[in-house]
Amino acid sequence: MRSNRDLKTPASVVGLGLAIGGIAFGTFLSRRRKGGADDAPVYARKSPPGDHSLVGRTVTIRKPRAELYSFWRNFGNLPQFMENVEEIRENGDTATWVIKAPGGASVDVETRVSDERENELIAWRSTDGSDITTSGRVEFTDAPGDRGTRVSLIMAYDPPGGAAGRALAKLFLREPQVQARHDLKRFKALMETGEITTSARRRDQTREAKQQENG
Amino acid sequence: MMRALTWHGTHDVRVETVDDPEIINSRDAIIKITSTAICGSDLHLYDGVIPGVMPGDVLGHEFMGEVVETGKDSTLKKGQRVVVPFTISCGGCFHCKIQQFSACENSNPAEKQDMSATLYGHPMAGLFGYSHLTGGYSGGQAEYVRVPYSDVGPIVVPDHLEDDKVLFLSDILPTGWMGAENAEIQPDDTVAVWGCGPVGLFAVQSAIVMGASKVIAIDHYPNRLALAKQMGAETIDFRKTDVREALMEMSGGIGVDAVIDAVGMEAHGFAADNMIDIAKQKIGIGADRAKALKQAILAVRPGGRVSIPGVYGGMTDKFPLGALMEKGLQVRTGQTHVQRYLKDLLEKIEDGTLDTTFMISHRLPLEDAARGYKCFHDEQNDWTKVVLKPDMEMAK
Ligand SMILES: NC(=O)c1ccc[n+]([C@@H]2O[C@H](COP(=O)([O-])OP(=O)(O)OC[C@H]3O[C@@H](n4cnc5c(N)ncnc54)[C@H](O)[C@@H]3O)[C@@H](O)[C@H]2O)c1
Ligand SMILES: [Zn+2]
Ligand SMILES: [Zn+2]
């Protein structure tokens with residue numbers, strides 16, 4: 001198995017920021033995930049190299065790598081924990097993501113898997129003709145002992161588009177990194193507990209229900 | 001619709017009509033409450049010193065009742081009597097697997113985790129009826145409550161044990177027990193407990209059951225000190241006696257082997273530093289009043305153990321860090337891992353090792369809960385523990 005360090009994927013990246021769409025992502029991160037003087041992931045650096053903002057997030061999930069990988073690789077599953085994604089339809093080697101927009105509208109994005117290695121990583125990117133430019137990448141590695149699997153999501157965006165993107169993100173509820181973090185935590189909860197945790201007292205008070213309502 | 005105790009601001013709680021809870025997820029259960037208690041932790045909410053409580057929130061984290069509805073993956077059955085731990089735990093994450101239930105990674109909903117993660121470096125687990133830092137779950141000072149992960153938390157209790165005997169399994173009994181366990185009590189130990197509220201009283205009793213040779217309880221309310229004495233402790237009234245000097249004398253000049261802070265962030269005291277801390281807490285710059293804890297750290301012997309079941313929420317000033325390091329102390333604390341202790345403690349209640357009812361001073365209808373809060377807060381000497389019963393009639 002190759003380690004993260006050897007990955008030479010053009011990770012122009014962006015994780016679940018997908019869900020908010022509209023961000024002009026710069027191509028970046030072409031070298032490695034770990035990018036500097038120390039062993040920390042590049043997105044943990046105080047000032048990430050280049051003009052780009054970069055976020056990433058890792059969670060450990062107490063489930064085998066293969067199980068998590070295959071759940072994620074079946075894109076139709078993702079809307080279960082990605083809050084702003086209504087539906088993902090797979091059509092051959094592309095997939096259409098239906099993303100919630102304000103006022104009950106929705107935006108379609110077509111993506112293609114740009115890189116994948118069984119039980120290790122899945123990267124995807126919007127196709128050339130797509131209205132929204134976006135890409136995402138998720139990596140699965142074994143956690144020590146019986147602690148399960150480390151799941152990392154990386155995301156980068158450049159400030160000019162990023163600023164506009166963030167403004168847009170506000171419209172769509174929240175910043176991409178927050179969105180990504182929450183989606184990833186929900187993925188963890190779903191895998192470890194079989195459900196998405198809610199503190200609501202009634203079905204019509206869950207976050208999901210409220211969002212449907214607001215459109 | 002149901003009746004429930006709701007929070008509206010500092011010293012403003014009301015019994016109101018709110019929507020009934022529903023099953024939302026498949027592991028949920030709905031419990032019809034038969035008994036619920038007011039806790040010292042609720043007083044921190046009442047005093048407005050815990051952040052993230054919102055108007056309309058239903059409080060209450062010590063409760064028990066009857067299962068009336070179950071999701072398809074709940075292991076509970078309708079009609080069972082259960083006591084529900086105040087900590088919500090999923091059973092599937094790393095922390096649940098190693099029995100650190102109050103550090104559950106999934107029970108606080110993803111979108112609610114940011115606040116406590118910012119404050120503490122990590123998100124807190126979900127707790128019933130407490131704060132939106134801990135999920136914002138509706139609590140059990142109500143007629144009904146939704147219990148998530150009902151296959152993990154609730155313990156079924158036998159019918160021959162009445163509510164008053166088992167209710168405190170939900171929090172204060174395991175909290176007192178874990179407080180004593182964290183003090184790693186050895187047979188010849190002298191142990192000091194600050195605070196003779198319910199948590200302190202259970203810590204006293206637990207320390208004695210664990211074999212401490214002497215337990216010294218500290219408070220200033222005569223009635224609460226008397227209860228500690230009744231449990232087998234020696235007592236110190238901190239208003240009348242110099243606590244540190246007394247503890248040195250009572251431990252033969254060595255210092256006590258272990259100390260337990262069952263007071264928490266609203267310690268009473270009139271020393272200048274405590275008054276400054278009260279002022280800071282009032283204007284919201286969040287200095288916890290750690291008077292009891294500071295005193296405990298100075299009183300414990302070198303190499304001794306410090307156990308902190310008392311709740312703290314923020315920062316504190318002038319913390320005796322030097323004493324902690326130079327004396328080589330061990331510190332253990334945390335919200336209680338309730339589920340870890342339930343089976344064992346239920347057995348100890350059944351066989352009479354632990355007395356759980358001696359501290360109950362008042363039983364009120366749920367309808368009268370606001371008065372319960374006021375009196376438990378204002379008249380601590382006489383109001384030692386308040387149990388609320390939804391089906392009790394209001395006195396005319
Ligand atoms: N760790 C947990 O999971 C957990 C669970 C339940 C309660 N708690 C906490 O435990 C603490 C006690 O709870 P309780 O229900 O017994 O509360 P309580 O308010 O009934 O009792 C606190 C007692 O401490 C006494 N006290 C105040 N200042 C003191 C001082 N300087 N020295 C000695 N005694 C002093 C008070 O007179 C009072 O009797 C609270 O902070 C509560 O939030 C923690
Ligand atoms: Zn409590
Ligand atoms: Zn858990």
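Reckoned from all heavy atoms, side chains included, excluding hydrogens, waters and symmetry mates. Letters go in sequence order (proteins before strands), and every chain restarts at 1.
Under the 3.5 Å distance criterion, the side-chain polar atoms of A/Arg203 are matched with a main-chain donor or acceptor of B/Ile23.
Two residues are said to be in side-chain contact when any heavy atoms from C-beta on lie closer than 4.5 Å; B/Pro123 and A/Lys185 meet this criterion. Side chains of B/Phe94 and A/Thr60 form no contact here, defined as non-hydrogen atoms less than 4.5 Å apart. The shortest distance between side-chain heavy atoms of B/Asp28 and A/Glu195 falls below 4.5 Å.
More than 12 heavy atoms of other residues, nucleotides or ligands lie within 6.0 Å of NE2 in B/His8, so this atom counts as buried by the packing criterion.
With chain A as partner, the option from B/His132, B/Arg27, B/Glu105 having the largest number of non-hydrogen pairs under 4.5 angstrom is B/Arg27. Between chain A and the options B/Val18, B/Asn108, B/Val145, B/Ile88, the largest number of non-hydrogen pairs under 4.5 Å is found for B/Val18.
Between B/Cys93 and A/Glu192, the shortest heavy-atom contact is CB-OE1, 3.4 Å. Across B/Tyr137 and A/Thr198, no two heavy atoms sit closer than the pair CE2-O, 3.5 Å. Annotation for A/Ala200 and B/Ile24: closest pair O-CD1, 3.4 Å, computed over non-hydrogen atoms.
Using a 4.5 Å cut-off between heavy atoms, B/Ser26 contacts chain A through both its backbone and its side chain. Contacts between A/Ala143 and chain B at a heavy-atom distance below 4.5 Å are absent for every atom of the residue. Looking at A/Arg202, the atoms closer than 4.5 Å to chain B (heavy atoms on both sides) sit in the backbone and in the side chain alike. Contacts of B/Val58 with chain A are made by side-chain atoms alone, with heavy-atom separations under 4.5 Å and no backbone atom involved. With a threshold of 4.5 angstrom between heavy atoms, A/Ile61 does not approach chain B through any atom at all. For B/Asp73, no part lies under 4.5 angstrom from a heavy atom of chain A.
To the nearest 0.5 Å, atom CG of residue B/Asn25 and atom OG1 of residue A/Thr193 are 7.5 Å apart. Interatomic distance, CG of B/Asn106 versus CE of A/Met191, reported as 11.0 Å (0.5 Å rounding). Distance check, rounded to the nearest 0.5 Å: CG of B/Asp19 to CD of A/Gln205 gives 6.0 Å. Taking OG of A/Ser199 as the reference point, atom CG of B/Leu127 lies at 11.5 Å (rounded to 0.5 Å). Taken to the nearest 0.5 Å, the CG atom of A/Asp146 stands 10.0 Å off from the NZ atom of B/Lys97.
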Evaluate B/Glu22 against A/Arg201 for side-chain contact (heavy atoms from CB on, under 4.5 Å), listing each step before the verdict. CA-CA 6 Å; B/Glu22 294 175 329; A/Arg201 193 161 73 233; over 6 Å; no
Show your working on side-chain contact (heavy atoms from CB on, under 4.5 Å) between A/His182 and B/Asp114 and close with a plain yes or no. CA-CA 9 Å; A/His182 291 179; B/Asp114 294 344; 2.8 Å; yes
